[in-house]
Amino acid sequence: MSQTRTYLDYNATAPLRPEAREAMVRALDTFGNPSSVHAEGRRARAIVEEAREAVAVLVNAKPSEVVFTSGATEANAWAISGALSGQWAAILVSAAEHDSVRGPASHYAALKGIRVNELAVSVDGIADLGQLDAPKDGSLLLALQLANNETGVIQDVARAAALGAEHRFSLHTDAVQAAGRMVVDFRSLGATTLSLSAHKLGGPKGVGALVIRDGYELPALIPGGGQERRRRAGTENVAAIAGFGSAAKAALAELDQMSRVAAMRDGLEAEVVRLTPEAVCIGSDAPRLPNTSCIALPGQAAETLVIKLDLAGIAVSAGAACSSGKVGQSHVLTAMGLAPDIARSAIRVSIGTATTEQDLAAFVAAWNAIGNAGRLAA
Ligand code: PMP
């Protein structure tokens with residue numbers, strides 16, 4: 001097994017930024033409870049509020065609109081739990097949503113006795129906004145992600161919000177993969193709620209935020225305390241929040257490097273297709289995040305490719321999910337209508353500003369060996 005590792009799985013989690021680590025260590029030593037009125041408490045409160053400001057700036061929201069959560073899974077569930085207050089006649093989710101959106105949509109819709117409908121995506125992974133129509137019997141919650149975790153394909157959330165304004169929609173957008181990789185502007189997107197996760201942008205795991213448009217009433221998912229202006233009970237995870245704020249600042253400062261990242265990704269895809277002409281770069285005709293590449297090698301199982309690459313020292317993910325020993329097919333790639341041999345063989349390569357040409361050369365060399373050995377064996 002190779003000694004040096006090449007990490008190309010930023011969409012699963014990005015490496016912790018050194019400045020986020022430092023902010024966290026400093027915050028750990030600021031032991032006060034941010035709800036306490038004394039000086040120790042006020043110092044901890046100042047850390048939380050500085051981070052809130054940084055997260056708000058990252059997505060052009062007001063600090064008062066940012067509520068810290070335990071991550072984007074909680075933020076997505078919370079946004080969709082709004083169904084319980086009875087304002088929507090149905091929930092509409094794009095077919096490419098993350099499970100942390102799909103799961104709560106089914107759960108809360110079943111509790112409330114309302115429908116969940118799916119908004120189809122095209123072969124490029126783009127949601128068909130032409131299908132948007134408000135139900136006759138009331139308003140609707142639309143969940144439309146800003147960018148997909150498997151393909152990087154970007155949805156036209158602003159257009160959906162504009163259509164929604166005509167049809168009485170509320171719009172929740174999962175911006176987890178987009179934040180720090182493209183401009184995310186909560187104001188101009190027009191979404192009602194937007195979810196974020198720190199660990200996708202170089203912060204720690206287990207902290208995220210739900211951004212809630214001012215004036216929108218969303219009952220707390222976790223009641224039982226006055227924290228976060230009664231919107232999310234529980235003593236704040238001050239160190240994690242500090243790391244999130246610091247990572248948000250750093251990610252924003254690096255946004256101007258994204259065209260360089262996109263050029264690296266495009267170069268990688270060109271090499272892959274040159275070496276293995278049967279390879280398919282999924283979603284490459286659609287607007288995409290600059291850092292994500294979803295590559296299929298028909299005839300190979302994605303899980304096998306991931307294991308072989310891992311043995312060669314390279315960390316990537318399979319598009320297809322494998323749980324409890326059962327190899328499943330990615331619902332995202334299936335919804336795009338891709339042939340099963342393409343969907344089953346898709347891996348995801350996702351990079352960041354710290355990725356180097358050497359990292360990509362290591363991937364290409366391993367891919368060439370694996371892809372062409374596979375061809376000889378087939
Ligand atoms: N949404 C998307 C698009 C994601 O990629 C992820 C992380 N895999 C989540 C939500 C969940 O985020 P967290 O890990 O913070 O719960």
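Atoms within each ligand, like the ligands themselves, are counted from 1 in listed order. We're numbering straight along the sequence, starting at 1.
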TODO: Going by heavy-atom distance to atom 3 (C) of ligand 1, choose the closest among N76, N11, V207, D174.
DONE: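 Shortest heavy-atom distance from atom 3 (C) of ligand 1: D174.
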
Task: Backbone of D124 reached by a side-chain donor or acceptor of S122 within 3.5 Å - done: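 Checking the backbone N and O of D124 against the side chain of S122, a donor-acceptor pair under 3.5 Å is found.
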
Open item on the list: Looking at ligand 1, would E74 count as a contact under a 4.0 Å heavy-atom criterion?
Closed with: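 No heavy atom of E74 comes that close to ligand 1.
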
TODO: Give the residue and atom name of whichever protein heavy atom lies nearest to atom 15 (O) of ligand 1, and the separation in Å to one decimal.
DONE: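 Scanning the protein heavy atoms, the shortest distance from atom 15 (O) of ligand 1 goes to S197 OG, 2.7 Å.
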
Task: Polar proximity ligand 1 side, K200 side, N/O cut 3.5 Å exclusive - done: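 Between K200 and ligand 1, an N or O pair is found under 3.5 Å apart.
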
Task: Heavy atom of the protein closest to atom 16 (O) of ligand 1 (residue, atom name, distance) - done: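 Result for atom 16 (O) of ligand 1: T73 OG1, 2.5 Å.
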
Open item on the list: Counting non-hydrogen protein atoms only, what is the nearest one to atom 6 (C) of ligand 1? Give residue, atom name and distance.
Closed with: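 Protein heavy atom at minimum distance: H98 NE2, 3.5 Å.
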
TODO: Any atoms of ligand 1 less than 4.0 Å from a non-hydrogen atom of V176? List them with their elements.
DONE: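 The list of qualifying atoms is 1 (N), 2 (C), 4 (C), 6 (C), 10 (C).
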
Open item on the list: With a 3.5 Å distance limit and no angle check, can you tell me whether R115 reaches the backbone of A90 through a side-chain donor-acceptor pair?
Closed with: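 Not a single qualifying donor-acceptor pair exists.
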
Open item on the list: Under 4.0 Å from a heavy atom of H199: which atoms of ligand 1 are those, numbered in the order shown and with their elements?
Closed with: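 Atoms satisfying the 4.0 Å criterion: 13 (P), 14 (O), 15 (O).
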
Open item on the list: Any nitrogen or oxygen of Q145 lying under 3.5 Å from a nitrogen or oxygen in ligand 1? Just yes or no.
Closed with: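 In this structure, Q145 places no N or O atom under 3.5 Å from an N or O of ligand 1.
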
Task: ligand 1 to A72 polar contact by distance, N or O atoms, under 3.5 Å - done: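 The answer is yes, given that A72 and ligand 1 share an N or O pair closer than 3.5 Å.
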
- [ ] For side chain to side chain donor-acceptor pair (under 3.5 Å), just list the numbers for W78 and T69, CA-CA rounded to whole Å, side-chain angles, deciding distance to a tenth of an Å, and then say yes or no.
- [x] CA-CA 9 Å; W78 183 19; T69 63; over 6 Å; no

- [ ] Ignoring hydrogens and angles, tell me if any N or O in the side chain of T276 forms a donor-acceptor pair with the backbone of V273 under 3.5 Å.
- [x]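 Not at all, since once roles are kept as given, no pair shorter than 3.5 Å links the two residues.
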
- [ ] Using modelled atom types only, decide if a donor and an acceptor are shared between the side chain of S139 and the backbone of Q87 within a distance under 3.5 Å.
- [x]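 Side chain of S139 to backbone of Q87, a donor-acceptor pair under 3.5 Å: yes, one is there.
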
Task: Chi angles and distances behind the side chain to side chain donor-acceptor pair (under 3.5 Å) call for T353, Q257 - done: CA-CA 7 Å; T353 51; Q257 294 188 41; 4.8 Å; no

- [ ] Give the contacting part of K205 toward ligand 1: side chain, backbone, both or neither, where contact means a heavy-atom distance below 4.0 Å.
- [x]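 Neither; no heavy atom under 4.0 Å.
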
- [ ] Could you tell me which atoms of ligand 1, counted from 1 in the order shown, lie closer than 4.0 angstrom to a heavy atom of G71?
- [x]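 Counting from 1, the qualifying ligand atoms are 15 (O).
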
Open item on the list: I'd like to know if the side chain of Q145 reaches the main chain of A96, judged simply by a donor and an acceptor atom lying under 3.5 Å from each other, with no hydrogens or angles considered.
Closed with: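 Present.
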
Task: Protein heavy-atom partner closest to atom 5 (O) of ligand 1 - residue, atom, separation in Å - done: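 Ranking protein heavy atoms by distance from atom 5 (O) of ligand 1, first comes Q177 NE2, 2.8 Å.
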
TODO: Measure across I91 and I114 and return the closest heavy-atom pair with its distance rounded to 0.1 Å.
DONE: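 Reported closest heavy-atom pair: CG1-CD1, 3.9 Å.
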
Open item on the list: Taking a cutoff of less than 4.0 Å between a non-hydrogen atom of the residue and any ligand atom, is S100 in contact with ligand 1?
Closed with: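 For ligand 1, residue contact (heavy atoms, under 4.0 Å) with S100 is present.
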
Open item on the list: Looking at every heavy atom in both A247 and G203, which two are closest together, and how far apart are they?
Closed with: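 The pair with the smallest heavy-atom distance is CB-N, 3.5 Å.
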
